[in-house]
There are 2 protein chains.
Amino acid sequence: MTTIKDISKHVGVSVSTVSRALNSSGYVSPEVKRKVMAAAEELGYIPNETARTLNTSISKVIGVLVPDITNPFFPKIIRGIEDAALEKGYRIIIGNTDHDAEKEKKYVEMFHQNNCLGIISATWSIDGPGANSRIPIVLLDRVVDDSISVQADHYKGGMLQAEHLIDSGATKILLIQGPDTYSSFVDRYNGALGTLKHNNIEFSILEYGPSADPMGNINDGIIRKYDGFICPNDLLAYRLLNFMYENGVEVPAEARVIGYDDLEFSKYVYPSLTTIRQPAYELGEKALKTLLEYKDGIVTDKRNFDVQLIKRNST
Amino acid sequence: MTTIKDISKHVGVSVSTVSRALNSSGYVSPEVKRKVMAAAEELGYIPNETARTLNTSISKVIGVLVPDITNPFFPKIIRGIEDAALEKGYRIIIGNTDHDAEKEKKYVEMFHQNNCLGIISATWSIDGPGANSRIPIVLLDRVVDDSISVQADHYKGGMLQAEHLIDSGATKILLIQGPDTYSSFVDRYNGALGTLKHNNIEFSILEYGPSADPMGNINDGIIRKYDGFICPNDLLAYRLLNFMYENGVEVPAEARVIGYDDLEFSKYVYPSLTTIRQPAYELGEKALKTLLEYKDGIVTDKRNFDVQLIKRNST
DNA sequence: TAATATTATGGAAACGTTTCCATCAAGGAG
DNA sequence: CTCCTTGATGGAAACGTTTCCATAATATTA
């Protein structure tokens, strides 16, 4: 392992000069700089990030918290973050919290231990461990009080869901609630709810129970009582469609189903799923940029993204 | 930020004693140990991993390389790795290479910079940068010469694909090749090829072209020439099924399609996809365990996983 | 009783950087 | 000709650990 010291010996200057040459900080004569660069190349020098971090106590690592990377919505976000990060020389550590406050806490502690420069979190217990985090945090698709966040316009998304279902002829709608601890789910729920009420349409609500799986409350009887279904996300919609298919419910003739997220697979399920697209990749990108600015004390205001109805065959 | 030094002052012993007490290494009187632990708790001490890493030059971070986290096969693997890692106090940094040797090289260098303890890679240029990596590497679902690897029995997987298609009545089969730089794809291809030949069935091969997207060579004419399709993975099968649906080809009556991977969504596409399941999560778990053993000089031999036919409605 | 282990502790070096400070030469302003 | 700025360099401290070594007290063995 070649170090700065090896270079200093090789060139015949002090380590401080080498450091300055390598980082283009402070005064170094062009001549010496050239020699140092050449030596670094020749000796195959790779800077030791650990030492650098220890000294400056700021690493180039960013902690990313998601509920579960297995939900395809998150890999897309993560790619957005990662690609933007890589470009600026940062790297990310990912933690899956499984909505578990303990795991979340463990990860936040780990991020601290590693002197992470910041955290981007798509999951955050309301009064959770984030409260006493020393490092800057950007919330993703999640609004809590006065923290910095990047999100899509979910209220509008919910409105679009309800409007479209009504437009496509639904008369009795089941509004399926998502987890009520996430503002992104609460917003889309409220958006849909408001629109349903405003249009005086008949509807019921399937509350998000403690089981955390709405499909547990779905059965043949319930399904035949409605002709329109608003799902909190695409994943649930897939399962609902599957259930309907198996129970011989014709979609969209007898029942219309709308999802939320527009995962890549929504084109391929049967019938292809009408849904609300949110720009996951861009959300990730923006979150990273926001974090980087935020740590430098800059707070941009435009951090909201538009959502969009994607019409397919399930409505 | 409380450090070991703060604890040493607080208790009135030297830093070395504190270090020994905290790590239970070397001699420390029970009395002192108790006091140190109490002080650590009281002052909210969190060990600085960076300093520890600098000193020992081994961090608790493991680099993970995948082609693209957006393909749902990989998040599953990653969860396997991560869950196992977390349990043992390790964390992972993920890099998406997009099959790009440059990116791969960049990440490997980054892993070195961060003193990563090891690398788990599901993507590796044959004579790539791995060649001169100082840190231990475990290959995932990828066999290269004499390196340590963990993989599923893809040859058998390919055989199962072909066998099942024949059993389900296919008479003219199109075997779609995957990227020929990955042993996992080559093996399943060879498995299928061998079985097709052995059964004297009529078949053609759709080679993996430079475009890297077999769908580019699929058209209405080709589709109607065969009644059985062997896909290198589920993702491609989804798109093929979609294409058939749009072109009015009845599956499985007119054409049978089999995928590979058994992604979660294969249940939900239309028609639900018959495929080969490989135990992604377990593969990840095993890869981590293997890496941890390998770095300690232990090399286990049983690193192969069985695959399994999952029969659904596309055949 | 003397020699040797065993237990407990502290001092200091080391890991590889960055950065502050001191030194010194050369060039420009008065 | 002196004073001050600017450019170039090196020495050394600092970041927070771990670990080697030395010292000392106590316990064990011959």
Side-chain angles (χ1 to χ4, degrees), chain A residues 1-37 39-40 43-61 89 109-117 134-135, chain B residues 1-37 39-40 43-61 89 109-117 134-135:
Chain A
M1 199 57 213
T2 31
T3 72
I4 222 179
K5 214 169 168 180
D6 299 323
I7 300 182
S8 104
K9 273 187 201 147
H10 194 267
V11 178
V13 294
S14 72
V15 288
S16 24
T17 302
V18 175
S19 174
R20 276 185 310 247
L22 255 19
N23 298 304
S24 305
S25 65
Y27 293 119
V28 183
S29 73
E31 170 67 5
V32 169
K33 174 149 188 175
R34 202 187 45 70
K35 279 190 195 165
V36 168
M37 290 312 199
L43 302 175
Y45 170 71
I46 297 179
N48 183 321
E49 268 300 323
T50 309
R52 186 175 285 173
T53 300
L54 179 59
N55 187 279
T56 60
S57 56
I58 298 170
S59 87
K60 285 185 167 279
V61 174
E109 194 169 307
M110 178 185 295
F111 293 159
H112 273 94
Q113 288 188 335
N114 284 52
N115 290 102
C116 283
L117 155 163
R134 281 176 302 109
I135 38 186
Chain B
M1 199 57 213
T2 31
T3 73
I4 221 179
K5 212 169 167 180
D6 299 324
I7 301 183
S8 105
K9 274 188 200 144
H10 193 267
V11 178
V13 294
S14 74
V15 288
S16 25
T17 302
V18 175
S19 175
R20 275 185 310 248
L22 255 21
N23 298 305
S24 305
S25 65
Y27 294 116
V28 183
S29 73
E31 170 66 3
V32 169
K33 173 149 187 176
R34 203 187 43 70
K35 279 190 196 167
V36 167
M37 290 311 199
L43 302 176
Y45 171 72
I46 297 179
N48 183 321
E49 267 301 324
T50 309
R52 186 175 284 171
T53 300
L54 180 60
N55 187 282
T56 61
S57 56
I58 298 169
S59 86
K60 286 187 166 276
V61 174
E109 195 170 306
M110 178 186 294
F111 294 158
H112 274 94
Q113 289 189 335
N114 284 57
N115 289 101
C116 284
L117 153 163
R134 282 176 301 108
I135 37 187

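Quantities reported herein were computed from a predicted structural model and do not represent experimental measurements. Proteins come first, then strands; the chains are lettered A, B, ... in the order of their sequence lines, and each starts at number 1.
- Protein atom CG of Asn55(B) is 7 Å distant from nucleotide atom C1' of dT19(D), rounded to whole Å.
- With no hydrogens or angles considered, no side-chain donor-acceptor pair links Thr53(B) and Lys60(B) at under 3.5 Å.
- Interface residues of residues 19-27 of chain B facing DNA chain D, ordered by number: Ser19(B), Asn23(B); criterion, heavy-atom separation under 4.0 Å.
- Taking atom NZ of residue Lys33(B) and atom P of nucleotide dA8(C), one finds them 12 Å apart after rounding to whole Å.
- The nearest heavy atom of DNA chain D to Ser16(B) and to Val18(A) marks one nucleotide each, and the one closer to the 5' end goes with Val18(A).
- When the nucleotides dT17(D), dT19(C), dG16(C) are ranked by their closest atom to the side chain of Asn48(A), dG16(C) comes out on top.
- Remark: P of dC15(D) and NZ of Lys5(B) are 7 Å apart, rounded to the nearest angstrom.
- We find the CG-CG distance between Leu117(A) and Asn114(A) to be 12.5 Å, quoted to the nearest 0.5 Å.
- Pairing each heavy atom of Thr50(A) with each of Leu54(B), the nearest pair is CG2-N, 3.6 Å.
- To the nearest 0.5 Å, the span separating CG on Asn48(A) from OG1 on Thr3(A) amounts to 9.5 Å.
- Nearest nucleotide to the side chain of Ser14(A), out of dT18(D), dT18(C), dG11(D): dG11(D).
- With dT17(C), dG10(D), dT18(D) as the candidates, the nucleotide lying closest to the side chain of Ala51(A) is dT17(C).
- Among dT17(D), dA12(C), dT17(C), the nucleotide with an atom closest to any side-chain atom of Arg52(A) is dT17(C).
- Using a 4.0 Å cut-off, some side-chain N or O of Ser29(A) falls inside it from OP1 or OP2 of dT9(D).
- When all heavy atoms are compared, the tightest approach of Cys116(A) to Ser59(A) is CA-OG, 3.7 Å.
- The side chain of Ile4(A) has dT18(C) as its nearest neighbour among dG10(C), dT18(C), dT17(D).
- Rounded to an integer number of Å, the gap from Arg34(A) CZ to dA8(D) C1' is 17 Å.
- Between the CD1 atom of Ile58(B) and the P atom of dT19(D) there is a distance of 10 Å, given to the nearest Å.
- Atom CG of Asn114(B) and atom P of dT17(C) are 13 Å apart (whole Å).
- For the pair Asn23(B)/Arg52(B), a side-chain contact is recorded, criterion being any heavy-atom separation below 4.5 Å from C-beta on.
- One atom, CD of Glu31(B), and another, P of dT7(C), lie 18 Å apart when rounded to the nearest Å.
- Checking Val15(A) against Val28(B), the closest nucleotide of DNA chain C that is more toward the 5' end is the one next to Val28(B).
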- [ ] Output, in order, the C-alpha distance, side-chain angles, deciding distance and verdict of side chain to side chain contact (heavy atoms under 4.5 Å, CB included) for Met1(A) and Ile46(A).
- [x] CA-CA 8 Å; Met1(A) 199 57 213; Ile46(A) 297 179; 4.1 Å; yes
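- In this structure, the CG atom of Asn115(A) is 10 Å from the P atom of dT17(D), given to the nearest Å.
- Counting any heavy atom pair closer than 4.0 Å across all strands shown, Thr3(B) reaches sugar-phosphate atoms only and no base atom.
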